[in-house]
Amino acid sequence: MSGRALVLGGGGPVGIAWETGLIAGLAEAGVEVRHADWILGTSAGSVIGAQLAMGRDPGAMLRTEFANAERAKEAQVSAGGKAPDLVPLMSVFARRAPGEAMTVELMKELGQLSLSGQTVSEEVFIAGFGAIADLDQPWPDRYACTAVDTGTGEFVVWSRDTAAPLGRGVASSCSVPAIFPPITIDGRRYMDGGMRSGTNADLAKDYGKVIVVAVMPPAFAPMMLPAIEREMGVIRDHGGEALLLVPDAACGEVFGTNLMDSGNREAIARAGFAQGQAEAARVGGFWG
């Protein structure tokens, strides 16, 4: 078995900031995970993964994140200063046994939550993805992202071989139920691929080396780690090696308790950058 895969998990604005900083810190130290043979993104990770597969430089991505951080904070303040309410979403997840897959019934319930949410329009949401949403932007060869059909609960993987334009594919992967609008693709409506799994790392089972980047603050580990370990076990059962990267203690201190909170993105990105530099030797030794 050969080839290298980079799996980028979901985690809202906090995840975007941390993953951007982490990958930029690794690159600064000479470890270029963006050159993976395959990049899989879920939710926040779909945004980062698309940019990497499009050829964006991690350092430039970090500078853009710093520029966006203040605007995001101001937008949240103008909206009342509160991060989105995740209680309805988490109440559904709380009924899943730790480490177990989401049932079709729970996925459908999340789909109804998505369809009934009072959100911005699809067009406004998609436009927020900038160059990724450009209708002329081709789908990168090495890239895929995940979503879930709101009506059937079916899990889908978007790639250059599917019906999704890049902008709509990424937006659907980021469509947190009741927070963002479900996205219409080929007559169906889709929500966040993180509803199946925060990482969907088992999809990389055909690669020899897999880096799994999971937005798992230390406080969330009891809830998230069993599922991640199960997925990494699938990779290993197929003969591959898997390396897990999660926020370190310093990052956990600046994350806060709501991954949809845009109030501290610059500090989170800087903490991610520092972690990337600190992890470079370990990651580089694995990545080769």
Side-chain angles (χ1 to χ4, degrees), residues 1-11 15 18-19 22-23 26 31 33-46 48-49 52 90 92-107 110 142-148 153-159 173 192-249 251-252 259 275-276 279 281-288:
M1 180 176 292
S2 62
R4 302 180 300 178
L6 174 64
V7 174
L8 299 166
W18 175 68
E19 289 183 358
L22 180 77
I23 292 169
L26 288 170
V31 181
V33 296
R34 59 175 166 160
H35 295 319
D37 298 296
W38 191 56
I39 299 174
L40 175 69
T42 291
S43 200
S46 73
I48 307 304
L52 293 174
M90 298 311 296
V92 178
F93 276 107
R95 301 205 301 278
R96 175 185 64 177
E100 295 297 318
M102 291 289 285
T103 65
V104 172
E105 291 73 19
L106 288 176
M107 294 283 261
L110 289 169
R142 302 176 293 128
Y143 171 71
C145 65
T146 65
V148 174
E154 179 186 4
F155 177 69
V156 299
V157 180
W158 302 125
S159 70
S173 190
D192 193 331
M195 299 306 100
R196 175 189 184 259
S197 159
T199 55
N200 294 300
D202 53 311
L203 300 182
K205 64 182 182 296
D206 294 327
Y207 289 86
K209 291 187 177 182
V210 182
I211 290 178
V212 180
V213 181
V215 187
M216 185 182 74
F220 290 15
M223 177 179 66
M224 296 180 64
L225 190 56
I228 295 171
E229 290 181 334
R230 173 173 52 82
E231 293 174 4
M232 292 176 67
V234 172
I235 295 169
R236 292 171 179 138
D237 288 345
H238 282 74
E241 300 176 74
L243 176 70
L244 178 63
L245 295 177
V246 300
D248 61 16
C251 291
L259 298 180
Q275 181 179 355
E279 295 267 30
R282 180 171 77 99
V283 176
F286 172 81
W287 199 233

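Across Trp18 and Gln275, no two heavy atoms sit closer than the pair NE1-OE1, 3.1 Å. When all heavy atoms are compared, the tightest approach of Gly10 to Ser43 is CA-CB, 3.8 Å. The two residues Val157 and Ala144 make their nearest non-hydrogen contact at CG1-CB, 3.8 Å. Counting all heavy atoms, side chain and backbone alike, Met224 lies closest to Val215 at CE-O, 3.5 Å. In terms of heavy-atom proximity, Thr199 sits nearest to Glu231 at OG1-OE1, 2.6 Å. A pairwise comparison of heavy atoms in Asp37 and Gly3 identifies OD2-CA, 3.3 Å as the closest pair.
Considering only residues two or more places apart in sequence or on other chains, Asp248 meets the salt bridge (charged side-chain N to carboxylate O under 4.0 Å, His left out) condition with none of them. Applying the side-chain hydrogen bond (donor to acceptor under 3.5 Å, both in side chains) criterion to Ser46, with sequence neighbours excluded, gives no partner residue. Not counting sequence neighbours, the partners of Arg34 by the salt bridge (charged side-chain N to carboxylate O under 4.0 Å, His left out) test are Glu32, Asp57. Partners of Arg236 according to the salt bridge (charged side-chain N to carboxylate O under 4.0 Å, His left out) rule, which considers only residues two or more places apart in sequence or in another chain, do not exist here. Scored by the ring pair (Phe, Tyr, Trp, His ring centres under 6.0 Å) test, Trp38 finds Tyr207 as partners (sequence neighbours excluded).
When each of Leu26, Val213, Ile39, Leu22 is checked for a side chain to side chain contact (heavy atoms under 4.5 Å, CB included) with Val33, only Leu26 meets the rule.
The backbone N or O of Thr146 sits less than 3.5 Å from a side-chain atom of Ser173, completing a donor-acceptor pair. A distance-only check finds no donor-acceptor pair linking the side chain of Arg196 to the backbone of Val148 [under 3.5 Å].
Going from atom CD1 of Ile228 over to atom CE of Met223 covers 9.5 Å, rounded to the nearest 0.5 Å. The CG atom of Asp202 sits 12.0 Å away from the CE atom of Met232 when rounded to the nearest 0.5 Å. Atom CD1 of Ile235 is separated from atom CG of Leu203 by 9.0 Å, given to the nearest 0.5 angstrom. Atom CD1 of residue Ile211 and atom CH2 of residue Trp287 lie 4.5 Å apart, to the nearest 0.5 angstrom. Considering NZ of Lys205 and CG of Asp237, their distance stands at 11.5 Å, rounded to 0.5 Å. Between the CE atom of Met107 and the CZ atom of Arg96 there is a distance of 9.5 Å, given to the nearest 0.5 Å.
Under the 4.5 Å side-chain criterion, counting only non-hydrogen atoms from C-beta, Leu245 is in contact with Arg282. Residues Val210 and Leu40 are not in side-chain contact: their nearest non-hydrogen atoms beyond the backbone lie 4.5 Å or more apart. Arg95 places none of its side-chain heavy atoms less than 4.5 Å from the side chain of Glu105. Side chains of Phe93 and Met102 form a contact here, defined as non-hydrogen atoms less than 4.5 Å apart. Under the 4.5 Å side-chain criterion, counting only non-hydrogen atoms from C-beta, Leu8 is in contact with Leu52. Within the 4.5 Å cutoff, side-chain heavy atoms of Phe155 are placed close to those of Asn200.
Listed by first then second residue, pairs satisfying ring-ring contact (aromatic ring centres under 6.0 Å, His included) with a partner in residues 215-242 number zero, not counting sequence neighbours.
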